[in-house]
Amino acid sequence: MRQAGSTPLHVDLRRYLRETDEDRDLTRVICEVADATKYIINAIRTGDLGMAGTSNLYGEEQLALDVLSDRIIRKRLIHSGVVSCIASEESGEIQQIDPDCEQKYAVAYDPLDGSSLVDVNLAVGTIVSIYKGCDVLRPGREQVAAMYILYGPRTTLVYSTGRGVHEFAMNSLMEYTLNHENIQMSNGAAKIYSPGGQRSKYSSGTEEFARQLEAGGAKLRYSGGFVPDINQVLMKRNGVFMYPHLKNAPDGKLRVLYELNPMAFLIEQAGGAASTGKGRILDLQPRSIEDRAPIFIGSKESVALAERCISEAG
Ligand code: F6P
Ligand code: MN
């Protein structure tokens with residue numbers, strides 16, 4: 001097996017997974033998603049930006065692009081032969097694929113997060129959470145892998161199987177090749193912060209947290225896309241993203257299964273932290289695939305400060 005940090009840049013994703021001794025079936029799941037994203041990129045670049053005429057589980061109208069991206073990934077996962085069940089943010093149920101599921105992988109994903117941003121030509125992403133076994137309704141700490149793909153000026157893929165966080169970038173042959181191995185966040189006061197939700201709806205604890213970040217010199221960086229916003233915090237190695245509990249939305253906005261768990265897994269793997277403001281995201285026991293929770297995620301010190309401000313405000 002390779003030693004961390006010893007891999008030449010530009011090795012491709014499949015080879016990297018093989019050479020770092022990842023499980024063959026897990027490699028298959030990761031590579032199926034990676035392959036699917038080539039078609040999603042094409043859909044983003046050229047696809048119909050209209051409505052699909054349907055709505056998702058949350059009553060939100062679905063864009064044709066959401067539905068198409070979901071289909072592209074779903075089809076690949078179903079035919080991979082290594083997936084037990086699938087939950088997608090765009091469908092209202094867990095799809096069982098194989099009853100012989102113990103040794104297979106359960107996958108939850110958000111096929112095209114932030115899809116309404118395509119309209120204004122901002123970056124969007126795909127987020128994937130992977131468990132071993134038959135079920136996705138489990139605490140995020142049980143994930144065996146998580147990944148996201150960011151469709152920005154460049155397309156990048158970030159994954160972790162619990163052994164560090166690695167970034168790959170798509171090259172001109174549409175292959176993902178290694179860009180950064182073992183990304184580690186630094187500590188210290190946040191240099192950037194990414195605050196979701198209307199400030200007038202913040203609790204006094206969150207308001208105090210935002211105030212302290214600003215007093216500490218943190219610069220505002222919020223695009224409205226969870227994947228690019230998290231990616232910026234991760235790749236700058238320092239900063240914090242939040243989508244807090246709001247006066248009119250005590251659970252915030254983002255979904256535990258499809259958004260929070262995979263990002264929390266990745267950021268923790270990079271030496272950061274992710275909290276609801278009261279406790280670790282990865283310890284949440286989801287009751288349903290629809291669960292939402294507030295999130296404060298990024299450098300450890302900033303997440304600890306958020307928890308402190310919230311607990312002191314009562
Ligand atoms: O999936 C939800 C999402 O689009 C995320 O990508 C993003 O972080 C968040 O919503 C933005 O929400 P708002 O528009 O309320 O800032
Ligand atoms: Mn989403």
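Starting from 1, each residue takes its place in the sequence as its number. In listed order, ligands and their atoms are each counted from 1.
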Total protein N/O/S atoms whose distance from the Mn ion (ligand 2) is less than 2.8 Å: 3
When you look at Asn187 and Ser299, which way does the side-chain hydrogen bond (donor to acceptor under 3.5 Å, both in side chains) test go after all the steps? CA-CA 6 Å; Asn187 231 318; Ser299 312; 5.6 Å; no
Do you know which of Thr276, Val256, Ile267, Ile297 makes side-chain contact (heavy atoms from CB on, under 4.5 Å) with Ile281? Thr276
In a single word, yes or no, tell whether Cys134 and Cys101 have an SG-SG distance below 2.5 angstrom. yes
Mind checking what makes side chain to side chain contact (heavy atoms under 4.5 Å, CB included) contact with Asp119, not counting sequence neighbours? Leu49
Flag for His166-Ser160: side-chain donor and acceptor within less than 3.5 Å: no
Distance only, no hydrogens: is a donor on one side chain within 3.5 Å (strictly under) of an acceptor on the other, for Tyr16 and Thr177? no
Could you list each nitrogen or oxygen of ligand 1 that sits under 3.5 Å from a protein nitrogen or oxygen, with the atom names and the distance?
| from | atom 1 | to | atom 2 | distance (Å) |
| --- | --- | --- | --- | --- |
| ligand 1 | 1 (O) | Asp113 | OD1 | 2.8 |
| ligand 1 | 1 (O) | Glu259 | OE2 | 2.8 |
| ligand 1 | 6 (O) | Asp113 | OD1 | 3.3 |
| ligand 1 | 6 (O) | Asp113 | OD2 | 2.5 |
| ligand 1 | 6 (O) | Phe226 | N | 2.8 |
| ligand 1 | 8 (O) | Phe226 | N | 3.4 |
| ligand 1 | 10 (O) | Lys253 | NZ | 2.9 |
| ligand 1 | 12 (O) | Lys253 | NZ | 3.0 |
| ligand 1 | 15 (O) | Tyr243 | OH | 2.6 |
| ligand 1 | 16 (O) | Tyr222 | OH | 2.5 |

Check Thr155, Ile127, Val124, Val227 against Ile149 for a side-chain contact (heavy atoms from CB on, under 4.5 Å) and give me the one that passes. Thr155
Apply ring-ring contact (aromatic ring centres under 6.0 Å, His included) to Tyr148 and Tyr159, showing your working. CA-CA 7 Å; Tyr148 64 75; Tyr159 87 88; over 10 Å; no
Distance-only check: which donor-acceptor pairs under 3.5 Å involve side-chain atoms of residues 303-314, not counting sequence neighbours?
| from | atom 1 | to | atom 2 | distance (Å) |
| --- | --- | --- | --- | --- |
| Glu307 | OE2 | Ser275 | OG | 2.6 |

